[in-house]
Visitor: 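Below are the structure tokens for one structure; questions will follow.
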Amino acid sequence: MAAATPPPRGAGSHRAGSGAGKWARGGKAEAARLPPARARLGVGSRMAAGPQRGSPLYAKEFTSKKRDDFEDILEERRQSSDLRYAMKCFNPVVYKGLSPCKPSAIKNTVLQSDQVQYVIRQLSKEMGESPDIIQEEATEILDEMGHNIQTRAIRFFALTLSKVFKTLFRKICVNGEGIQKLQQAIQEHPVVLLPSHRSYMDFLMLSYLLYTYDLALPVIAAGIDFLGMRLVGELLRRSGAFFMRRTFGGDKLYWAVFAEYVKTMIRSGYAPMEFFLEGTRSRTGKTLTPKLGLLSIVMEPFFKREVFDTYLVPISISYDRILEESLYARELLGVPKPKESTSGLLKARKILSDDFGSVHIYIGQPLSLRALASGRIDRRPYNLIPRYLPQRPSEDIQDFVNDVAYKIELLQIENMVLSPWVLIATILLQNLPAIDFDLLVEKTLWLKGLTQTFGGFLEWPDNLCANKVVASCLTLHSNIFILANGHVVLNDKDNEGGATEELVFKQALTILMCGSYRNQLLNVFVRPALVSVALQMTQSFRKEEVYSCFNFLRDLFSDEFIFFPGIAVKDFEEGCFLLTKSDVIQVTAQEITVAEKGSTAVSFLSAMLRPFMESYQIICRYLSKEAKEAFTEKQMISGIRNFAFLLLKTESSQCYEVLSSDVQKNALSAFVRLHVVDKMKTTNGVTYTVKKDAVNKTADMLDSRIPVIKPVTARL
Amino acid sequence: MAAAEEAGGAPGSASSAQRRLRVLSGHLRGSREAPVLLSASPCGAQGAAGLPGPATIPKRRQELLKWNGWGYNDSKFIFNKKGQVEFTGKRYRLGGTVLPILKEWMEKTFGASLEHKTLPRATLNVNDVPPSFANEEFLQDLRATKISYSQDPEDRVFRAHGHCLHEILVLREGMFKRIPDIVVWPGCHEDVIKIVELACKHNLCIIPFGGGTSVSSALECPEEEKRTIISLDTSQMNHILWIDERNLTARVEAGIVGQDLERQLAERGYCTGHEPDSMEFSSLGGWVATRASGMKKNIYGNIEDLVVHLKMVTPRGVIEKSCEGPRMSTGPDVHHFIMGSEGIFGVVTEVTVKIRPVPEYQKYGSVVFPNFERGVACLREVAKQRCAPASIRLMDNEQFQFGHALKPQVASIFTSFLDGLKKFYITKFKGFDPSVLCVATLLFEGDREKVLQHEKQVYDIATKFGGLAAGEDNGQRGYMLTFVIAYLRDLGLDYYIIGESFETSVPWDRVLDLCRNVKERIVRECKERGVQFAPLSTCRVTQTYDAGACVYFYFAFNYRGISEPLHVYEQVETAAREEILANGGSLSHHHGVGKLRKQWMKETISDVGLGMLRSVKEYLDPNNIFGNRNLL
């Protein structure tokens, strides 16, 4: 097995296309035969001459999950004493190779480690400072960073969270099988828990869950902002949180100490390590593109073979109603995020009286890092340099980490439970300002069918009739929509009067809130939806043209949605496959035709993406006409906001979502990536300049005024 | 490690070295009765030889050695009438002793059962043996040289293999597809030259054969070889040509086996100190060809440190240096092309090796550590202080228990009481967990005074790492394991247990990770491949160096219920080697590459490195006369 040779890698530019080329060789003649995506995924990877980027990591299963094995952990809480639960004998399942040690011992190990000592010596030499002083600094960093996990604090949380959760939520459901697998994984190898991040509740929820099931409690990478909260910060620290600064790129000492702290805990299997790949809470319901820093740190002990393996566990936590929903919408509209503070937390008490429905936690199959890395990592670099030396990960490793991050996020999406409300919100957004209730139910049922065909993990209460399901969802979200005279209308009870500006703002608030639920569905629907948009834009049946357009859009939106790096053709295939499976389109060797009954679906799906299409168009227009010579991101955001406000006020646009800073930032980074906007780092920070021609061209392509340029490699 | 094993009979006694030699020669008595057949060739060698030593291994090896297993015919593990394991024969100290715990250990470790037995066929079926092809012209030329040769099927099969698991399994149950067509026994350097010339003239393939103890598939005949294959058996070139006491060197013919070399040198009060585990059977030429390492290398060095001069016959001619200077700066050392060349360049015929006076005093020892980590840390410290004894080895817990299972029946209640007391002290009083603790075995050699001083130094270091001295007996039993393991494998094979050992060398800081990961990989691979009972997966650190250590693994499993056990075994072995390489370990510390590990050569020495070797091969042997296809 000459896994010796590193996987051959093409240059970056050639990479994106290599997937397409390979796939095409898989058999042009069969291209039309269905199901194309599934069938060929396997063939493609086997045909590849060497380990091919993308193929081994990206393989989605379309098996429907067992939906009946969810257990409600609150059920028992409602029946027995919380105090006894909090005081229960806690003997958690731990890693088999664990030699127990105190949090302070870890800090000591970190300080004394070759890795940290090396950096201290380096810095001392560079700065002419005595090593003792730098060592002192390192100690301070560690003290600021380190967790101080204590059973007492855990018990306190167990008690209070029981009370809080029971008030807030109807149920907290978790897949029993996932718990079992996790239990096994925790004993076998160091475990990294990678939950989705939609709410501050996420990590509390997860620790609570592990406590309930007698599993080792995780140590959690948290943002340093929590430390600003008196008491709470310390309490979190005692329940296993450790704190990382948001940015520490340049600070070598901080980086070394932090990385070593994390790695020490991984190496010793001290506790499951938990962090959020998305880096921050997604305010939009869309999964955020992954942050790779921490992930590559936790992988390093395996790369250096300091551990036999590491399990990566994707976890999807979904809420029927997100606690922070209106906060998020405000933030997106530019109302500053309230600083994390204890008093703020106390003020938030009033939400306790509200109903937030159920929570679903799906613990995914633990992924063996060893299995993922098999054949992808060249071992020589690690064999030839002492392991304590900081080593810049090779391009191969970086690509690998990136691929794994995307794979895990895709799994999070796949396993994310969707509530019926997600469907309803999607429909309502396409039927503003009002829709007949019966029609809504009818459409919801139709969308339910489509969602299930697309492999969405829908949790639909089978024992209730559809009317009741929809009505109950509307009750839960009555802050957004209400049922009046058989019509479902926007809840605008606060919108009485006020200036136009204020009305626009409030309308936008509601729409963004609603959009965050639609986006949950869009996470799953994005591939078929993009194919639908491409079909409408090209007005052509030629597969190649549709693909070109798809590819353009996929590229444009790759900050908005999660696409596995590089494999545009597979994504296209998957989109086509799903649409074919649900009888929306027919695919032949050269052509894609919309089926007789498929046009509704195509319009519906493209309407799901319309807010994004229109937002990008508006932003293009803004950039083309209004943008100054050089601008900062901040300037651009307020510029677009004013520009869009004007459009909305004058009703020349209905696209409220363009007001979202999320879409604005994503568009900016997409334009930078596509060389429509130039990014420059100056002493005053980052500034941008617009390339007018390019912006106009992009705008034209988005408006279908000119056809999308064919990518050279698009051979279908 | 037979020699070391039998030597320690009376540790602490000043005459232990002499006793060791007596024992050594003791188990050779059998062969002495038969006069050694000297080659009929007119070699002048014997004349010059100061010491005409009778060779232990006869030309017809099968008369003394097992044809389908390890070692002497009369030495093996059996189940006696009481159902207990016993070791037969009188060659080893273990001979005739009953090992009461071993059966239970086998059952517990492998889930093996006495009722499930799979016996090999009793004798070689001559009809299965591939016929010998050799053209008459060549045979005529050969006869003219008067060099002894044979086309007998048994002789040829015997030289068609080493001792890899798959080779032994073939002997037990099948037949090799390709074996040598003819065996030749050159009597001296000149004979070898003649044979190589003949092979070049007739375009034949030569595979040199020394002791036949290869564990790298190096002796396997390439199936695709169409030419006549000559097995060049060096065993008759077994003389010490001279001993130079002023320079402490000896000129020795390369076919001499380890035990003969040491015995004959000992008669003059010298030794080479080179004691690989296979030294009873392996030959000096074989050591050179594989870059062998000896147990006591800390004092005497490995083969590359011992060789002062050598001569190799290649198709291009004979290569040798012009003098015996102890070190030279004359370009890259050509000896290093020869050492480790695994028979692809030519045949090593004569070697000048360093010799040392036989040490006055020898003492075994052992140290118990609370866990393997502490043990490795201690060995590292010993290496750092450069005070390693002749041998220092660290067995992991599984191997400690394995060694324990080889404890003979205790002679008296008192001994067993004492054992109990020791165990109590270590596990209860000192709090060592019997399922975690590990043992280092030690062997000291030299002046009595210095040994005792050295011993104290090492024990002092051990104490710093939580080690407890655990007696000489335990140490000795540890070394016993090394030589009985090969015999034990034959016993296992009768009961559906297959196993093998393999080794690597690795920098110090990676030793622990490598040991843990490789052992775990083996266990997992076995599980994934349907092995029902968890395998024995154990390791020991067997050599220490300044910059790293040599690690030796044993791996064995019960293959009942598996349709293709050998295939499973090979996959697991490959995976284990991958794991070693991924952990920064080397492809081999001393077993060599052969054909078994060839696939990793390019990764190991780079494309360019491989090209360098190829160009040497191309120059020395353009027609691939030495066609065993090892290494490259």
Side-chain angles (χ1 to χ4, degrees), chain A residues 1-7 95-99 101 109 113-115 117-118 184-185 187-190 263-264 266-269 299-311 368-389 391 396-397 400, chain B residues 370-374 397 433 435-436 504-525 527-528 537 547-548 551 570-587 593 596-607 609-610:
Chain A
M1 242 173 290
T5 35
Y95 172 52
K96 63 171 193 258
L98 178 72
S99 39
C101 67
T109 314
S113 68
D114 291 344
Q115 287 82 344
Q117 287 300 320
Y118 170 81
Q184 193 126 35
Q187 294 174 66
E188 272 181 60
H189 300 299
K263 284 188 279 184
T264 302
I266 292 280
R267 275 187 218 118
S268 60
M299 285 181 173
E300 211 183 278
F302 169 72
F303 292 152
K304 293 188 170 171
R305 292 303 195 272
E306 292 161 337
V307 294
F308 183 79
D309 198 354
T310 304
Y311 277 126
S368 149
L369 176 56
R370 173 175 275 268
L372 292 171
S374 161
R376 291 222 23 194
I377 308 296
D378 179 10
R379 48 202 170 211
R380 257 165 314 177
Y382 291 103
N383 284 348
L384 293 178
I385 297 176
R387 294 188 293 181
Y388 73 86
L389 286 181
Q391 200 176 344
D396 272 349
I397 296 280
F400 173 73
Chain B
N371 54 45
F372 194 62
E373 289 75 12
R374 302 287 277 166
N397 183 264
D433 181 347
S435 65
V436 178
T504 186
S505 55
V506 62
W508 276 116
D509 71 317
R510 293 167 202 250
V511 169
L512 278 178
D513 289 331
L514 180 132
C515 290
R516 182 197 58 232
N517 291 344
V518 172
K519 288 199 288 183
E520 172 133 17
R521 179 79 181 261
I522 289 171
V523 172
R524 294 185 131 222
E525 294 282 337
K527 197 171 166 193
E528 274 165 29
S537 171
V551 184
E570 278 166 356
Q571 284 178 318
V572 177
E573 195 192 10
T574 304
R577 183 57 63 182
E578 287 282 339
E579 192 62 36
I580 285 175
L581 298 177
N583 280 272
S586 66
L587 189 52
V593 174
L596 194 62
R597 284 174 277 273
K598 233 164 100 164
Q599 57 180 314
W600 292 286
M601 266 306 267
K602 190 169 129 184
E603 176 186 354
T604 302
I605 65 168
S606 85
D607 266 343
L610 210 55

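Quick caveat: nothing in here was measured; it's all calculated off a predicted structure. Here is the naming used below: chain letters follow the sequence lines, and residue numbers restart at 1 for every chain.
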Visitor: My understanding is that only residues two or more places apart in sequence, or in another chain, count here; which of them pass ring-ring contact (aromatic ring centres under 6.0 Å, His included) with A/F302?
Guide: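 Once residues adjacent in sequence are excluded, A/F302 has no partner under the ring-ring contact (aromatic ring centres under 6.0 Å, His included) criterion.
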
Visitor: If we check salt bridge (Lys or Arg N to Asp or Glu O under 4.0 Å) with B/D513, which of these qualifies: A/K304, A/R387, A/R305?
Guide: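 Exactly one candidate clears the test, A/R387.
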
Visitor: What I want to find out is whether B/R516 reaches A/E306 closely enough, with some N-O distance under 4.0 Å, to be called a salt bridge.
Guide: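 Judged by the 4.0 Å cut-off on N to carboxylate O distance, B/R516 and A/E306 do not form a salt bridge.
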
Visitor: What is the minimum heavy-atom distance between B/R521 and A/F308, and which atoms define it?
Guide: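 For B/R521 versus A/F308, the nearest heavy atoms are N-CE1, 3.4 Å.
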
Visitor: Does this structure show an ion pair linking B/E520 with A/R370, if we count only N-O contacts that are shorter than 4.0 Å?
Guide: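 A/R370 and B/E520: not salt-bridged.
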
Visitor: At their closest point, which heavy atom of B/L581 faces which heavy atom of A/N383, and how far apart are they?
Guide: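 For B/L581 versus A/N383, the nearest heavy atoms are O-ND2, 2.9 Å.
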
Visitor: Which bit of B/L514 comes within less than 4.5 Å of chain A, counting heavy atoms only: side chain, backbone, both or neither?
Guide: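 Answer is neither: B/L514 stays 4.5 Å or more from chain A.
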
Visitor: Who are the ring-ring contact (aromatic ring centres under 6.0 Å, His included) partners of A/Y95, not counting sequence neighbours?
Guide: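 With neighbours one apart ignored, the set is empty.
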
Visitor: Check whether more than 12 heavy atoms from other residues, nucleotides or ligands sit under 6.0 Å from atom CD of B/E528, and answer yes or no.
Guide: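 Yes, enclosed.
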
Visitor: Let me confirm one number: the CZ-OG distance from B/R524 to A/S368, rounded to the nearest 0.5 Å.
Guide: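 B/R524 atom CZ to A/S368 atom OG measures 6.0 Å (nearest 0.5 Å).
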
Visitor: Of the backbone (N, CA, C, O) and the side chain (C-beta and beyond), which part of B/R577 lies under 4.5 Å from a heavy atom of chain A, both, or neither?
Guide: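 No part of B/R577 comes within 4.5 Å of chain A.
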
